[in-house]
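Scroll down for the structure; my scribbles are underneath it.
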Amino acid sequence: MRGWAPGGTLASNVEITAATVQRRDIIQLGGRACRVSDLFQLPQGAKQLLFASGELLTIHARTRLAAVRVLRRR
């Protein structure tokens, strides 16, 4: 699903994995929206996500999470 987010940007709900996660994705964890600010590759396809709040989350290669991806205008 795609929709207009505040500020006139286009946002879509996506399912992410360690292979598809991107900087700026917003993941809802424990009722809080966390924006991915940096990614680190780990062995066996896992990734460690650094959120804007400074918290870390490590996801396995087969982990699937729901996220919102904000698409920038070109």
Side-chain angles (χ1 to χ4, degrees):
M1 180 179 118
R2 292 179 185 239
W4 290 100
T9 57
L10 187 63
S12 63
N13 293 324
V14 294
E15 182 180 87
I16 62 167
T17 64
T20 62
V21 65
Q22 298 177 3
R23 286 178 182 83
R24 300 178 50 141
D25 283 346
I26 301 170
I27 302 169
Q28 180 127 0
L29 298 169
R32 292 182 42 201
C34 301
R35 181 181 299 267
V36 177
S37 64
D38 207 357
L39 308 164
F40 302 98
Q41 184 69 45
L42 298 175
Q44 300 177 358
K47 282 201 179 152
Q48 189 173 55
L49 312 179
L50 174 64
F51 295 116
S53 63
E55 298 170 303
L56 293 170
L57 174 69
T58 302
I59 59 175
H60 186 271
R62 294 188 296 179
T63 301
R64 299 196 183 288
L65 298 169
V68 174
R69 183 165 290 157
V70 177
L71 305 173
R72 292 180 282 189
R73 288 186 182 177
R74 293 184 190 230

**Complete:** Result for side-chain contact (heavy atoms from CB on, under 4.5 Å) between Arg69 and one of Leu10, Ile26, Asp25 points to Asp25
**Request:** Enter the distance from Thr58:OG1 to Gln48:CD here, rounded to the nearest 0.5 Å.
**Result:** 4.0 Å
**Request:** Treat each ILVMFWY residue as a node, draw an edge where side-chain heavy atoms are under 4.5 Å apart, and state whether Leu49 and Val68 are in one component.
**Result:** no
**Item:** In one Ile/Leu/Val/Met/Phe/Trp/Tyr side-chain cluster, 4.5 Å: Leu29, Leu39
**Value:** yes
**Prompt:** If you group Ile, Leu, Val, Met, Phe, Trp and Tyr by side-chain heavy-atom gaps below 4.5 Å, do Val21 and Phe40 land in one group?
**Reply:** no
**Message:** For a 4.5 angstrom cut-off between non-hydrogen side-chain atoms, does Leu65 reach Leu57?
**Reply:** yes
**Asked** Given side chains that start at C-beta, do those of Arg62 and Thr17 come closer than 4.5 Å, heavy atoms only?
**Response** no
**Fill in**
Note: Ala61 and Ala18 closest approach over all heavy atoms is CA-CB, 4.1 Å
**Request:** Work out which heavy atom in Ala46 is nearest to a heavy atom in Gln41; give both atom names and the distance.
**Result:** O-NE2, 3.3 Å
**Message:** Contact between Val36 and Phe51 at the side-chain level, heavy atoms closer than 4.5 Å - yes or no?
**Reply:** yes
**Asked** Taking everything shown except Glu15 itself, do over 12 heavy atoms lie less than 6.0 Å from its CD?
**Response** yes
**Request:** Supply the atom-to-atom distance Leu50 CG to Cys34 SG, rounded to the nearest 0.5 angstrom.
**Result:** 11.0 Å
**Asked** So which heavy atom on Ala67 is nearest to which on Ile27, and how close?
**Response** CB-CG1, 4.0 Å
